[in-house]
Protein chains: 2
Amino acid sequence: MSEQNFDVLKLENQICFPLYACSRQIIRKYHKYLEELNLTYTQYIAMMVFWEVKKINVKELGSRLYLDSGTLTPLLKSLEEKGYVRRYRSKEDERVLLVEITSSGKALREQALSVPEKMKGCTKLTKEEAVTLHQLLYKILSE
Amino acid sequence: MSEQNFDVLKLENQICFPLYACSRQIIRKYHKYLEELNLTYTQYIAMMVFWEVKKINVKELGSRLYLDSGTLTPLLKSLEEKGYVRRYRSKEDERVLLVEITSSGKALREQALSVPEKMKGCTKLTKEEAVTLHQLLYKILSE
DNA sequence: TATAATTAAATTGTACTCAATCGAATTGAG
DNA sequence: CTCAATTCGATTGAGTACAATTTAATTATA
């Protein structure tokens with residue numbers, strides 16, 4: 001009767017734990033290539049957005065990266081100090097902070113091309129497995 | 001000629017970014033259930049290990065959780081303050097710190113059963129998709 | 001049109017995360 | 001045996017994460 005099944009509390013039966021462990025494992029691998037660019041991983045994915053859109057506000061950047069202002073405010077100040085972005089208030093709505101990539105930030109893009117190159121094969125997944133993983137992850141994120 | 005393909009630097013083409021975003025999204029969902037137990041997510045997965053093995057040293061715990069002493073030392077001190085574990089040096093090798101679950105920590109297991117229950121269906125993956133994801137993630141971790 | 005409600009960032013406080021370094025204990029080569 | 005190398009955990013410092021709160025600006029409503 002009062003037998004309790006604790007299997008649901010086993011590490012090996014979790015879905016979040018390997019997600020969490022995997023993301024940290026890969027981010028650790030990024031570290032040695034990104035430090036050549038003087039970027040952290042979070043700064044790197046933020047730069048990916050700037051390379052695409054050139055200009056964006058904090059809220060919209062946060063919704064793309066799934067990060068809030070508590071994380072982004074210091075991160076964007078740091079990118080500004082490095083000279084990769086410029087921050088300024090919107091004239092139309094003073095609450096909104098616009099962040100725009102600088103020429104220096106744009107120039108970094110060429111250098112950054114070496115990163116995916118070096119990270120190639122960082123996981124031993126086949127192309128098909130990587131596609132499957134990608135789809136499953138975005139299915140989770142789409143909720 | 002000198003056309004460069006920057007697609008490899010697009011956020012949508014990354015594998016690590018959705019891993020990172022997914023794990024944080026799910027951990028955020030855990031938060032409201034775990035705070036009823038006065039545990040953070042990292043403390044929760046550490047407790048999962050203690051519920052299984054009762055006693056373990058820091059290095060072995062770190063290899064199971066993919067975390068190092070810089071993360072675990074303060075985390076274990078915090079769990080000790082809450083009364084869930086006891087920390088002491090090994091008599092055989094004074095370098096080794098053993099961490100053992102207390103009766104209070106064992107009692108927490110029953111309460112914790114509600115967490116996977118509440119998290120059930122936190123992702124809308126089918127059972128098959130969840131199994132596939134699990135396999136792919138452990139393939140990455142096994143490198 | 002006052003003012004209440006909402007919104008956007010910034011701030012605060014707690015807790016990771018991890019590279020790098022340190023100090024103490026143990027082990028191993030000569 | 002002995003000193004150098006290794007190992008274990010703790011510490012340090014920089015950078016996130018994020019819930020909760022605050023401040024300032026804007027919008028909506030009575």
Side-chain angles (χ1 to χ4, degrees), chain A residues 16-17 19-47 56-63 65-82 87-99, chain B residues 16-17 19-46 56-63 65-82 85 87-99:
Chain A
C16 185
F17 170 65
L19 274 170
Y20 166 70
C22 266
S23 72
R24 288 186 296 104
Q25 182 184 85
I26 301 180
I27 289 170
R28 269 198 300 278
K29 290 184 185 176
Y30 269 106
H31 182 267
K32 64 170 165 294
Y33 305 126
L34 288 177
E35 72 179 352
E36 297 169 13
L37 306 191
N38 189 27
L39 289 178
T40 65
Y41 182 73
T42 317
Q43 291 165 5
Y44 174 62
I45 60 175
M47 288 307 299
I56 195 170
N57 66 52
V58 174
K59 184 182 171 59
E60 170 65 12
L61 179 64
S63 86
L65 299 180
Y66 304 88
L67 290 169
D68 77 358
S69 67
T71 303
L72 290 175
T73 295
L75 183 144
L76 292 169
K77 285 179 178 173
S78 165
L79 286 179
E80 184 173 50
E81 276 175 28
K82 298 180 211 264
R87 300 178 335 124
Y88 57 95
R89 293 280 164 181
S90 162
K91 280 281 172 284
E92 293 74 42
D93 185 341
E94 290 278 354
R95 292 172 304 182
V96 173
L97 188 85
L98 293 170
V99 190
Chain B
C16 185
F17 169 65
L19 275 171
Y20 165 70
C22 267
S23 71
R24 287 186 298 105
Q25 182 184 86
I26 301 179
I27 289 171
R28 268 196 302 276
K29 290 183 186 176
Y30 268 106
H31 182 269
K32 65 168 163 297
Y33 305 126
L34 289 177
E35 73 179 352
E36 296 170 13
L37 306 191
N38 190 25
L39 289 178
T40 65
Y41 182 74
T42 316
Q43 291 166 5
Y44 174 62
I45 59 174
I56 194 169
N57 66 51
V58 175
K59 184 182 172 59
E60 171 64 12
L61 179 63
S63 87
L65 298 179
Y66 304 88
L67 290 169
D68 77 357
S69 68
T71 303
L72 291 176
T73 294
L75 183 144
L76 293 170
K77 285 179 178 174
S78 167
L79 287 178
E80 184 172 50
E81 277 175 29
K82 297 180 213 265
V85 301
R87 301 176 336 121
Y88 57 96
R89 292 279 165 184
S90 163
K91 280 280 171 287
E92 291 76 41
D93 185 339
E94 291 277 356
R95 292 170 306 178
V96 174
L97 188 86
L98 293 170
V99 189

Tell me, please, which residues at least two apart from B:E36 pass salt bridge (Lys or Arg N to Asp or Glu O under 4.0 Å).
B:K118
Which residues pass the side chain to side chain contact (heavy atoms under 4.5 Å, CB included) test with B:S63, sequence neighbours left out?
B:E60
Rounded to whole angstroms, how far apart are CD on A:E92 and P on D:dT27?
11 Å
Which residues satisfy the side chain to side chain donor-acceptor pair (under 3.5 Å) test with B:E80, sequence neighbours excluded?
B:R87
Residues which pass ring-ring contact (aromatic ring centres under 6.0 Å, His included) with B:Y20, listed by chain and number, not counting sequence neighbours:
A:Y41
Can you list the steps and then say if A:L61 with A:L67 is a side-chain contact (heavy atoms from CB on, under 4.5 Å)?
CA-CA 8 Å; A:L61 179 64; A:L67 290 169; over 6 Å; no
Which nucleotide span of DNA chain C, 5' end to 3' end, has atoms closer than 4.0 Å to non-hydrogen atoms of chain B?
C:dA15 to C:dT26
Set of side chain to side chain contact (heavy atoms under 4.5 Å, CB included) partners for B:D93, sequence neighbours left out
B:S90, B:R95, B:V96
Check side chain to side chain contact (heavy atoms under 4.5 Å, CB included) between B:T40 and all other residues, then give those that pass, not counting sequence neighbours.
B:T42, B:Q43
Find the distance between CG (A:L19) and CZ (B:R24) and round it off to the nearest 0.5 Å.
12.0 Å
Counting only heavy atoms not in A:K82 (residues, nucleotides, ligands), do more than 12 fall under 6.0 Å from its NZ?
yes
Would you work out how much the helix from C:dT1-D:dA30 to C:dG30-D:dC1 bends between its ends, with each end axis defined by five base pairs, to 10 degrees?
10°
Report, as a single string ordered 5' to 3', how protein heavy atoms within less than 4.0 Å touch nucleotides 9-19 of chain D: B base, S sugar-phosphate only, - not at all.
SBB---SSBBB
Listed partners of B:K29 passing side chain to side chain contact (heavy atoms under 4.5 Å, CB included), at least two apart
A:E143, B:Q25, B:M119, B:C122
